[in-house]
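I have placed the structure first, in the form of structure tokens, so that the comments after it can refer back to it.
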Protein chains: 2
Amino acid sequence: MVFAREGFGRSTVEQVCEQAGFTRGAFYSNFTSLDELFLAIWEQRSDEMQSDLAAFLTQEPPPVSSLREAVEHVLSAVPLDDEWYRVTAEFTAHALRNPALRRVMARREERIEAGLMPTLEALLARVGRRVVDPAALGPALVACHDGTSVQCLIEPDNVAVRQRRTDLFVLLVTAHTVEAGSATDTAPQETP
Amino acid sequence: MVFAREGFGRSTVEQVCEQAGFTRGAFYSNFTSLDELFLAIWEQRSDEMQSDLAAFLTQEPPPVSSLREAVEHVLSAVPLDDEWYRVTAEFTAHALRNPALRRVMARREERIEAGLMPTLEALLARVGRRVVDPAALGPALVACHDGTSVQCLIEPDNVAVRQRRTDLFVLLVTAHTVEAGSATDTAPQETP
DNA sequence: TGTATCCGATACAACTCTGTATCGGAAGGG
DNA sequence: CCCTTCCGATACAGAGTTGTATCGGATACA
């Protein structure tokens, strides 16, 4: 992917076409600008990943026996794809400057949450836990995923980073759930 | 800042010089490339922000009376600077493709943690809490900060996002601390 | 089989950016 | 007061990029 290698701003129509195996003539008869192509690619791939995630999660009910295992199973469906995260970082930077793309990013998050939460809740139910506030847990998971993904890719050789990533997810899920029988239905407990 | 407006890859030496009020001749007698300037600017500004953070936090011991107030105080020292976060997003995307910049990013995180944690621990001590595992809390805070900052800037009009951001920080700090008298000294408790 | 339509390749003209080389002036040292 | 040194401005040449216009072939349809 040219955008991952060069950065979006430095990519040229020529480079993209060369790698894709067609010419600039072909490009300009299908798109009007690189921006448009970038958006199209990102949306398509983003949709694919969400479909993959959803498919993976719903496919076979795994025999999880603890909350951590449930989290690990979900995380295993979200690979740390180096190239793809570079493209996403480019897209994020681009979106922060472009209202139209901002909406695309917002939709992406909504769809991730929509695809993730039901399965996650089902998995957690199996280990006897109930999510208290899905509307808070979803965004928190996405934010932590994005934040820790960058950390993992910035220090690819630091295994502790990846370990902490998992721990953080477990922590989040733990704090946002209660034992299934519990009557508590408020926001995550703050002990002090 | 040109990099925030145009994106790094689309910025030209000409644009940068125009805004800064000098000419390309002046530029090339002080830097060898835009990459170098970008790195210099980002490191300098990043250092400034860390100094500001440290100064703000150590300056006057605020009269916090709860863990949440302590967190809110710290967060108030980290403003959601729209322009600056755009530059950071650009830098992040750039760093994911460039090992030298990766190291700069890693150092940035270390310095944030180094500047933040002592004061945070002091503040928390004042409300009767002790951090259990600073080496885990620091990176988690940074990751969540970066992740939620994007969310806030992607949906600037959504106040719920900003609220959840604060809640998330409170949650993280809560989970990584114990009551000051407690003997517990293990990793954050996972109840189930 | 002939024709119309579509799509991609090639060619082209205009523009933009980069990096360097040369020139002029200002500041500092002797 | 002169001279040297440094720094920024201007000018220029080379390279690369964009978007369009024209051409050729393939495919679908009558």
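Protein chains get the first letters and strands the later ones, always in sequence-line order, with residue 1 at the start of each.
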**Message:** Near DNA chain D, counting only heavy atoms under 4.0 Å, which residues of residues 9-20 of chain B show up?
**Reply:** none
**Request:** Check DNA chain D against residues 38-45 of chain A and give the residues with a non-hydrogen atom under 4.0 Å, in numerical order.
**Result:** none
Any side-chain N or O of [X] under 4.0 Å from OP1/OP2 of [N]?
X: T23(B); N: dG8(D); result: no
X: S29(B); N: dG8(D); result: yes
X: N30(B); N: dC7(D); result: no

**Message:** Checking E69(A) now: which residues fulfil side chain to side chain donor-acceptor pair (under 3.5 Å) with it, not counting sequence neighbours?
**Reply:** S65(A)
**Item:** ILVMFWY clustering at 4.5 Å (side-chain atoms), partners of I112(B)
**Value:** V142(B)
**Asked** What is the per-nucleotide protein-contact pattern of nucleotides 20-27 of chain C, from the 5' end, where B denotes a base atom under 4.0 Å from a protein heavy atom, S denotes such proximity for sugar-phosphate atoms only, and - denotes neither?
**Response** B-------
**Item:** salt bridge (Lys or Arg N to Asp or Glu O under 4.0 Å): pairs with one or both residues in residues 75-90 of chain A, sequence neighbours excluded
**Value:** R45(A)-D81(A), D82(A)-R86(A), E90(A)-R97(B)
**Asked** For residues 33-43 of chain B, which residue pairs qualify under salt bridge (Lys or Arg N to Asp or Glu O under 4.0 Å), counting only residues two or more places apart or in two chains?
**Response** E43(B)-R107(B)
[X]: side chain to side chain contact (heavy atoms under 4.5 Å, CB included) partners, not counting sequence neighbours:
X: V150(A); result: Y85(A), I154(A), T92(B)
X: D52(A); result: none
X: A122(B); result: none
X: Q44(B); result: E48(B)

**Complete:** The residue, F27(A) or F27(B), whose nearest nucleotide of DNA chain C is more 5′ is F27(A)
Between atom [atom1] in [X] and atom [atom2] in [N], what is the gap in whole Å?
X: D35(A); N: dG19(D); atom1: CG; atom2: C1'; answer: 15 Å
X: F31(A); N: dT20(D); atom1: CZ; atom2: P; answer: 16 Å
X: E36(B); N: dT18(C); atom1: CD; atom2: P; answer: 15 Å
X: E6(A); N: dT17(D); atom1: CD; atom2: C1'; answer: 14 Å

**Prompt:** Relative to the ring of F91(B), is the ring of W42(B) parallel (under 30°), tilted (30 to 60°) or perpendicular (over 60°)?
**Reply:** parallel
**Prompt:** By salt bridge (Lys or Arg N to Asp or Glu O under 4.0 Å), which residues pair with R103(B), not counting sequence neighbours?
**Reply:** none
**Prompt:** Do you know which of Q163(A), R165(A), R164(A) makes side-chain hydrogen bond (donor to acceptor under 3.5 Å, both in side chains) with D167(A)?
**Reply:** Q163(A)
